[in-house]
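Below you'll find the structure, written out as structure tokens, and then a few comments.
All values derive from a computational prediction rather than experimental measurement. When a ligand or atom number is given, it counts from 1 through the structure's own listing order.
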Amino acid sequence: MSSLIDSLRQICGAEHVLTHDDPSTDLSAWEHDWRKRVFGKALAVVRPASTAEVAAVVKACANTFTSIVPQGGNTGLVAGSVPDASGQQIVLSLQRMNAVRALDPDNLTMTVEAGCILHNLQDAAEKAGFLFPLSLAAEGSCTIGGNLGTNAGGTQVVRYGNTRELCLGLEVVTAHGEVWHGLTGLRKDNTGYDLRHLMIGSEGTLGVITAATMKLYPLPAAQLTAWAAVPSMEAAVQLLGLAHQHLGAGLTGFEVMGQFALSLADKYFPNLRVPLYKETPWCVLLENSDHESEAHARNQFERLLEVAMTAGCVSDAVVAESIAQAKGLWQIRESITSAQAQEGLNIKHDISIPISKIPAFVAATDALLLREMPGVRLVDFGHLGDGNLHYNVQAPEGVDDQIFVRDHEDKVNDLVFESVSHFKGSISAEHGVGSMKVGKLPHYKDPVALAMMRSIKQSLDPQNIMNPGRVISL
Ligand code: FAD
Ligand code: MLT
Ligand code: ZN
């Protein structure tokens, strides 16, 4: 292996190939996942600075049958971006490839390198007078390469779609170390199979994304945020229907949060002052983006809330009076993941169900879990506008979280996934499969689809060096 390490050092520069040989180098940040569920050991962490360097690294690895784990911000929640424990996989970190290569205002596109941090991309777009709408709580550290790798969702999907819908072109280094120059920026191109869509969401198993051309949108004239207390999940779904009807394309966010999830946000972030949650089982966060004016947005919101209250699907509501208040409401929503982690280790789910079936799913699955495991605490929240729930399970009060997860994770997953399957949903809406759901996928994915996925993987990566053991097991 030392000859591989020597080659990698020649390609990227010695200071950008980190190994355990140097006792003063701490690789742990690249070796464990954000939730600290998986602790791996890398042969090396390699940090190329250009597409040519990525291609040369992949070729050197292919020549020695060395597997590669692409990594961006390492904020993934399914342990897909960290090496296994063998000490034989390299972590290919894209962090140094973080340039904005071009912004084309007439084409409404921006071309960025894979390691560009999402927040920096949003900022660059805004400075040029545009909106890049992908938004998630990890945006200060996740990268666009990771967003594409996972086809991330986030809080604006109800209007703008997943990362997939925002991408018009890719540059990719294949598993053979060749470069596919696909940064077209075209909105229409019917010249055969859409390889861009194959790469997006492939979680580093088919190639390395080195750059992407992303869509830009006009900045709205006003963005208003409202927080509504709703008496049931049925009422939340009814409110969603009314919001579509009254706000049309202005509806850019529709997030639901259960009372227990909000109590954790309140417990760990008391300065955020969570409104209305104590008297109601669910709260909803709505965002209205308006291209006319703030007054127009406010009128629309007030009309919507009036109708919703008359219909009985909202019991109380507040509309943010300032940008600071709106940010504060979003911060509450975005603090839930962190609050939940501080409460202790938990079993996370990232599921989607047809929106119309979500109330029945929640009622049935809550009852099932509480019957099988009395006292479990359900941290439910998520992107109701997209039918995507984070249906998370926390140990009963006073029970050791590590022991609970160790002893119950498999059973909880089976109960939840069976219920998801019954309601014709998906076991991953946005986080992906990674290594955490790879064993479950064959039970829940159509066998013909699975076979096609397998042959695509074998054909594009015959040596199985690209993030092996993630998404699909061969
Ligand atoms: P990483 O974690 O580094 O990698 C993720 C996957 O992509 C891995 O399989 C990796 O191998 C692959 N990959 C990374 N870079 C590349 C590349 N250049 N080419 C090919 N493959 C690559 N996710 C959502 O979808 N919606 C949310 O609302 C959301 N909220 C979050 C909130 C918090 C607090 C946290 C911690 C995470 C959240 N996530 C969310 C999960 C995570 O942020 C996303 O999955 C994000 O897209 C990962 O980006 P990353 O750069 O950190 O990727
Ligand atoms: C979110 O919507 O906040 C994320 O997907 C993170 C999570 O599931 O905890
Ligand atoms: Zn989410």
inquiry  = Is it the case that ligand 2 has an N or O less than 3.5 angstrom from some N or O of Asn392?
reply    =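 N/O-N/O distance under 3.5 Å: no.
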
Checking a contact table here: which protein heavy atom is nearest [atom], and how many Å away?
atom                    : result
atom 40 (C) of ligand 1 : Leu136 CD1, 3.6 Å
atom 9 (O) of ligand 2  : Lys348 NZ, 2.5 Å
atom 4 (O) of ligand 1  : Ser81 CB, 3.4 Å
atom 25 (O) of ligand 1 : Gly153 N, 2.9 Å
atom 41 (C) of ligand 1 : Thr75 O, 3.7 Å
atom 6 (C) of ligand 1  : Thr150 CG2, 3.6 Å
atom 53 (O) of ligand 1 : Gly146 CA, 3.4 Å
atom 2 (O) of ligand 1  : Gly76 N, 2.8 Å
atom 28 (O) of ligand 1 : Gly154 CA, 3.4 Å
atom 5 (O) of ligand 2  : His431 NE2, 2.7 Å

Under 4.0 Å to a heavy atom of [X] - the qualifying atoms of ligand 1, by number:
X      : result
Ala152 : 25 (O), 47 (O)
Leu94  : 18 (N)
Gly204 : 20 (C), 21 (N)
His383 : 28 (O)

Any side-chain heavy atom of [X] within less than 4.5 Å of one from [Y]?
X      : Y      : result
Phe260 : Leu378 : no
Ser352 : Asp386 : no
Asp350 : Lys437 : yes
Pro133 : Thr252 : no
Met110 : Leu121 : yes
Ile355 : Leu240 : yes
Phe417 : Lys440 : yes

Atom name, [X] (N, O or S, nearest to the Zn ion (ligand 3)):
X      : value
His390 : NE2
His383 : NE2
Glu430 : OE2

Nitrogen or oxygen of [X] less than 3.5 angstrom from that of ligand 1:
X      : value
Thr337 : no
Gly207 : no
Thr143 : yes
Gly72  : yes
Gly73  : yes

Salt bridge or not for [X] and [Y], using N-O below 4.0 Å?
X      : Y      : answer
Glu31  : Lys41  : no
Glu334 : Lys327 : no
Asp194 : Arg196 : yes

key: Heavy-atom closest pair, residues Val412 and Leu369   = CG1-CD2, 4.4 Å

task = Locate the shortest heavy-atom distance separating Thr25 from Thr19; write the atom from each residue and the value.
result =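 That closest heavy-atom pairing would be CB-O, 4.0 Å.
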
key: Validation row, ring centre Phe254 to ring centre His244 under 6.0 Å   = no

query = Does Phe132 have its ring centroid less than 6.0 Å away from the ring centroid of Tyr217?
reply = no

query = Is the distance from the Zn ion (ligand 3) to some N, O or S atom of His431 under 2.8 Å?
reply = no

task = Check each of Gln340, His349, His390 against atom 4 (C) of ligand 2 and report the one with the nearest heavy atom.
result =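 Closest candidate by heavy-atom distance is His390.
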
ask   = Considering Val91, Val78, Asn147, Ile209, which one's heavy-atom position lies nearest to atom 17 (C) of ligand 1?
value =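 Among Val91, Val78, Asn147, Ile209, the closest heavy atom to atom 17 (C) of ligand 1 comes from Ile209.
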
Examine ligand 1 and decide if any of its atoms is less than 4.0 Å from a heavy atom belonging to [X].
X      : result
Ala429 : no
Gln71  : yes
Arg35  : no
Asn74  : yes

Looking at [X], which atoms of ligand 2 are within less than 4.0 Å of one of its heavy atoms?
X      : value
Arg333 : 1 (C), 2 (O), 3 (O)
Leu77  : 6 (C), 7 (C)
Thr337 : 3 (O), 6 (C), 7 (C), 9 (O)
His383 : 2 (O)

key: Aromatic ring pairing His431/His390, orientation class (parallel under 30°, perpendicular over 60°, tilted between)   =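 Rings of His431 and His390: parallel, under 30°.
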
request  = If the plane angle is over 60° it's perpendicular, under 30° parallel, otherwise tilted; pick one for Phe39 and His32.
outcome  =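 The rings of Phe39 and His32 sit tilted, inter-plane angle from 30° to 60°.
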
task = Classify the contact between Ala114 and ligand 1 as side chain, backbone, both or neither, using a heavy-atom distance cut-off of under 4.0 Å.
result =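 Side chain only.
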
inquiry  = Heavy-atom pairs closer than 4.0 Å: do any link ligand 1 to the side chain of Asn467, the backbone, both, or neither?
reply    = side chain

Verdict with supporting geometry, Val54 and Met97, side-chain contact (heavy atoms from CB on, under 4.5 Å) = CA-CA 10 Å; Val54 174; Met97 290 185 62; 3.7 Å; yes

query = Do Gln156 and Ser135 meet the criterion of a side-chain donor-acceptor pair at a distance under 3.5 Å?
reply = no

key: Heavy-atom donor-acceptor pair, Arg159 side chain to Ala249 backbone, under 3.5 Å   = yes

query = Any heavy atom of Glu334 sitting closer than 4.0 Å to ligand 2?
reply =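 Glu334 does not count as a contact of ligand 2 under the 4.0 Å cut-off.
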
message = For Leu370, I'd like to know if atom CG has over 12 heavy atoms of other residues, nucleotides or ligands within 6.0 Å.
response =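 Yes - once you tally the heavy atoms of other residues, nucleotides and ligands closer than 6.0 Å, there are more than 12.
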
ask   = Please walk me through it: do Ile11 and His16 pass side-chain contact (heavy atoms from CB on, under 4.5 Å)?
value = CA-CA 9 Å; Ile11 296 163; His16 301 303; over 6 Å; no

